[in-house]
S.K.: 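Okay, handing you the structure first.
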Amino acid sequence: MRIRRSMGDRTFMTLNYAFFVLFTLLCVFPFYYLFINTISSNDLSARGLVTWYPREIHFGNYVQILKLKGLSQAAFISVARTVVGTAATVLGSAFLGFIFTKRKMWGRSFWYRFVVVTMYFNAGIIPWYVIMMKLHMTNNFLAYVLPTIVSPFYIILVKTFVESIPEVLQESAEMDGAGTMTIFTRIVLPLIMPIAATIAIFAAVSQWNSFIDTVFLMTEQKYYTLQFVLYKYLNESNSLAAIIRSGGGTANIDLSKMQTATSVRTTVSMVVVIPILFVYPFFQRFFVKGIMIGAVKG
Amino acid sequence: MEPIVRASGESVVRRSRGLPERYRLFLYALPFIVLVFLFSYLPLYGWIYSLYNYRPGFKLSDTPFVGLQWFRSIFANPTQTAEVGRVMKNTIAMSSLGILTSVLPVAFAILLSEIRAMRFKKLVQILTTLPNFISWVLVYAIAFAMFNVDNGLINKIMIGLGWQDRGINYLATDSHTWLAMILWGTWKGLGWGAIMYIAAITSIDQELYDAAKVDGAGRFRMMWNITVPGILPTYFVLLMLSIANFINNGMEQYFVFQNPINKDHIEVLDLYVYNTGMLGTNFSFATAVSMLKSLISIGLLLFANRLSKLVRGESII
């Protein structure tokens, strides 16, 4: 169907396209800018001479930063919490969501509400911190994982999803003598894969991006995450300079490859954002699906 | 699968002799329920710290019981009243600006739905939702790269154009702090915020538009009379949720952007509680403020829920 194109119509469309092109550039350019600064001559970058395109390209920064004290440990913690935390969240939500579909469960609706209502209140950050301290969750890797096992929102998603699967499937397995665990692992888990994938993606991004829990709970450097280290680098120029010196910067007299505060900051930023940049375009539809099912109330 | 089939007869017998199924199912859920209790309910017990003059490191029984002193001091102690007032002002300002700008994703979705080039549309959607998935630390890293005083992009451009004669430290200033925070929030959230509305627009009956065209309605008439009413219900639900979260504006964004210079305007409730409780010395006072905040936000949630029931006949929780 063709729409009559008036003068006003055409102006509108031109402005509309212009707006989206501009805003999209605004969203993308910062990532590009960080990237070209990490692969350009460190000297030029620090002096602010790399603006629109890379100059004197080298990739040494990505090797150099591994030598910085504590950075590879932070990368390890970030990866570990993302992998372990995501697995725990997916399995926990899947299993509990599944159990909550069992009408025979003792006190089912009470316990379901007991879990779900925690979405709507929290005691406040200080009382939470005190209890985490008492539970020995400070300077403890488990603090990154244990609290995320039960995520009410994901449990609602799984429960709704399982309830939409024909019950016959589970019943016939029961007839064959399959226990609850067998039904879960062999029948339910394969069937809920679409929703489990969506949950996994959301959980992984939120684990990778998580930051404030480190601020509250971790004082020992070995538990720092990449996000936290990046925050420190952005704020503590003096200590950053010291770290760079201890990283063997003096042995390297080539100015274009010598680590600078700018090169360390931009390179660590890229390391933090690269997993997201790689994962996001491929899984975008999962994200969109996730928010849409979230909109349908459980 | 084989063992199940083979052992079928036996296992039915065995199960009927054991624990009744209803308790067995409960036992499966029990470890998770314990976790919920520990991490979500037990912190409520932490509220009693607001009744003491507690210092971390001491035993609670060794610290003096002060009753409701901290709650009273919020209103009675002039310095603390002023502090809490300032923080409340920031909180309310940020949330109100957030509610005002909540129409932006709506406009974004409507404008995007007017574009017919599918490839372009997809690309815009993918690229503009990206910032939503990076952390606030990374947003700050970007802000730093763009606005820092030594080699920030904006300073370079301004100096290059001759509009500034030297670098300005845009991040360490307290002018327009609220506006800056809202703009960063918009940069991060606009594309993603529009997704829901885009989906709502797609689900509008195409025949409505065709009928309107036959009646001679132009583009803007259709936007206003079909698209806008079509997404209003979605907007309403999200609006109610933002009312429910009016004083929960989180602390991550403000935490990463705060510095001694902008502190007066950037400290929202959670950040203030963190700064006084964890960094400062007044742990119990921070607990009291934190506790009041939790109570008020439950009140707001119930209010928004009631409002939603009244207006749309549907609850949001």
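Order of the sequence lines fixes the chain letters, A, B, ..., with proteins taken first and strands second; residue numbering starts at 1 for each chain. Please read all numbers here as calculations on a predicted model, not as lab measurements.
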S.K.: Could you tell me which portion of A:M119 (side chain, backbone, both or neither) has an atom closer than 4.5 angstrom to a non-hydrogen atom of chain B?
M.R.: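 Answer is neither: A:M119 stays 4.5 Å or more from chain B.
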S.K.: Which atoms of B:T128 are under 4.5 Å from chain A, going by heavy atoms: the side chain, the backbone, both sets, or neither?
M.R.: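 Answer is both: backbone and side chain atoms of B:T128 are under 4.5 Å from chain A.
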S.K.: Please identify, among A:N122, A:I212, A:I99, the residue contributing the most non-hydrogen atom pairs under 4.5 Å to chain B.
M.R.: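 The candidate making the most pairs under 4.5 Å is A:I212.
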S.K.: Using distance only, find each side-chain donor-acceptor pair of residues 31-48 of chain B under 3.5 Å and give its atom names and separation, not counting sequence neighbours.
M.R.:
| residue | atom | partner | partner atom | Å |
| --- | --- | --- | --- | --- |
| B:Y41 | OH | A:F114 | O | 2.6 |
| B:W47 | NE1 | A:A123 | O | 2.8 |

S.K.: At a 4.5 Å cut-off on heavy atoms, which part of A:S45 comes close to chain B: side chain, backbone, both, or neither?
M.R.: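 Just the backbone, heavy atoms under 4.5 Å.
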S.K.: Is it the backbone or the side chain of A:V215 that comes under 4.5 Å from a heavy atom of chain B, or both, or neither?
M.R.: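 Both the backbone and the side chain of A:V215 come within 4.5 Å of chain B.
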S.K.: Is the shortest heavy-atom distance from the side chain of B:F144 to the side chain of A:N235 under 4.5 Å?
M.R.: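 They are not in contact (no side-chain heavy atoms under 4.5 Å apart), so the answer is no.
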S.K.: Just give me the residue among A:W208, A:F216, A:W128 that pairs up with chain B most often, heavy atom to heavy atom, under 4.5 Å.
M.R.: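 Of the options given, most contacts go to A:F216.
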S.K.: Taking every non-hydrogen pair under 4.5 Å, which of A:N37, A:V268, A:V273, A:V279 racks up the most with chain B?
M.R.: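 If we count pairs closer than 4.5 Å to chain B, A:V273 comes out on top.
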S.K.: Hey, which of A:V205, A:T180, A:V272, A:T266 has the most heavy atom pairs under 4.5 Å with chain B?
M.R.: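 Ranked by heavy-atom pairs under 4.5 Å with chain B, first place is A:T180.
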S.K.: Between B:Y49 and chain A, which part of the residue has a heavy atom less than 4.5 Å away: side chain, backbone, both or neither?
M.R.: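 B:Y49 touches chain A through side-chain heavy atoms alone.
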S.K.: Counting C-beta onward and ignoring hydrogens, is there a side-chain heavy-atom pair between B:V256 and A:F211 closer than 4.5 Å?
M.R.: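 Side-chain contact under 4.5 Å: yes.
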S.K.: Measuring from atom CG of B:L138 to atom CD1 of A:I276, what distance do you get when rounded to the nearest 0.5 angstrom?
M.R.: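 That separation rounds to 8.5 Å.
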S.K.: Rounded to the nearest 0.5 Å, what separation is found between the OH atom of A:Y120 and the OG atom of B:S297?
M.R.: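 Separation between the atoms: 13.0 Å.
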S.K.: If I take atom CZ from residue A:F23 and atom CZ from residue B:F108, how far apart are they, to the nearest 0.5 angstrom?
M.R.: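 Output value for this atom pair is 5.5 Å.
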S.K.: Which atoms of A:Y33 come close to chain B, meaning under 4.5 Å heavy atom to heavy atom: side chain ones, backbone ones, both, or neither?
M.R.: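 Side chain only.
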S.K.: Starting at NZ of A:K102, measure out to CZ of B:R22 and round the result to the nearest 0.5 Å.
M.R.: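 Here the interatomic distance stands at 15.5 Å.
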S.K.: Would you mind checking which part of A:I125 comes under 4.5 Å of any heavy atom in chain B, side chain (CB onward), backbone (N, CA, C, O), both or neither?
M.R.: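 Both backbone and side chain of A:I125 come within 4.5 Å of chain B.
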S.K.: Which atoms of A:L96 are under 4.5 Å from chain B, going by heavy atoms: the side chain, the backbone, both sets, or neither?
M.R.: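 The side chain, not the backbone.
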S.K.: So which atom in A:P30 and which in B:I142 form the shortest heavy-atom distance, rounded to 0.1 Å?
M.R.: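 Reported closest heavy-atom pair: CB-CG2, 3.5 Å.
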S.K.: Please state whether the side chain, the backbone, both or neither of B:T129 comes within less than 4.5 Å of a heavy atom of chain A.
M.R.: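 Both backbone and side chain of B:T129 come within 4.5 Å of chain A.
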S.K.: Are the side chains of A:V130 and B:F283 in touch, meaning some heavy atoms are under 4.5 Å apart?
M.R.: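 Touching, per the 4.5 Å side-chain cut-off.
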S.K.: Measure across A:N209 and B:E252 and return the closest heavy-atom pair with its distance rounded to 0.1 Å.
M.R.: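 Smallest interatomic distance, heavy atoms only, reads O-OE2, 4.2 Å.
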S.K.: Is it true that B:Y28 and A:F184 have ring centroids separated by less than 6.0 Å?
M.R.: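 Not close enough - the centres of the two rings lie 6.0 Å or further apart.
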S.K.: Enter the distance from B:T287:OG1 to A:Y129:OH here, rounded to the nearest 0.5 Å.
M.R.: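 B:T287 OG1 to A:Y129 OH: 11.5 Å, rounded to 0.5 Å.
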S.K.: Under 4.5 Å from any heavy atom of chain A, what part of B:L27 do you find: side chain, backbone, both or neither?
M.R.: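 Contact with chain A involves no heavy atom of B:L27 at all.
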S.K.: With the side chain counted from C-beta on, respond yes when B:Y23 and A:M105 share a heavy-atom pair under 4.5 Å apart, and no when they do not.
M.R.: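 A side-chain contact under 4.5 Å is absent here.
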S.K.: Any donor-acceptor pair under 3.5 Å linking the side chain of B:N151 with the backbone of A:R47?
M.R.: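 Side chain of B:N151 to backbone of A:R47, a donor-acceptor pair under 3.5 Å: no, none is there.
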S.K.: Can you see which heavy atom on A:N16 is nearest to which on B:L111, and at what distance?
M.R.: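 Residues A:N16 and B:L111, closest heavy atoms: ND2-O, 3.0 Å.
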S.K.: Looking at chain B, which one of A:V115, A:L146, A:V28, A:L34 has the largest number of heavy-atom pairs inside 4.5 Å, strictly under?
M.R.: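 The option with the most such pairs is A:L146.
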S.K.: A:I126 and B:A286: which non-hydrogen atoms are nearest, and at how many Å?
M.R.: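 Scanning both residues, the minimum pair turns out to be CG1-CB, 4.1 Å.
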S.K.: Heavy-atom distance under 4.5 Å to chain A: side chain of B:A117, backbone, both or neither?
M.R.: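 For B:A117, heavy atoms of backbone and side chain both lie under 4.5 Å from chain A.
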S.K.: Answer with side chain, backbone, both or neither: which region of B:K156 has an atom nearer than 4.5 Å to a non-hydrogen atom of chain A?
M.R.: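 The answer is the side chain of B:K156.
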S.K.: Measure the spacing between CG of B:L25 and OG1 of A:T101 and express it to the nearest 0.5 Å.
M.R.: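 Here the rounded value is 9.0 Å.
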S.K.: Please step through side-chain contact (heavy atoms from CB on, under 4.5 Å) for the pair B:L130 and A:F31, ending with a clear verdict.
M.R.: CA-CA 10 Å; B:L130 182 63; A:F31 298 103; 4.0 Å; yes
S.K.: By a 4.5 Å heavy-atom criterion (distance strictly below it), what part of A:L26 contacts chain B: side chain, backbone, both, or neither?
M.R.: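 Both backbone and side chain.
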S.K.: With a 4.5 angstrom heavy-atom cut-off, could you sort out which part of B:F220 is near chain A: side chain, backbone, both or neither?
M.R.: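 Just its side chain gets close to chain A.
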S.K.: Under a 4.5 Å cutoff for heavy-atom pairs, which residue among A:W111, A:F20, A:F100, A:Y17 has the most contacts with chain B?
M.R.: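 Of the options given, most contacts go to A:F20.
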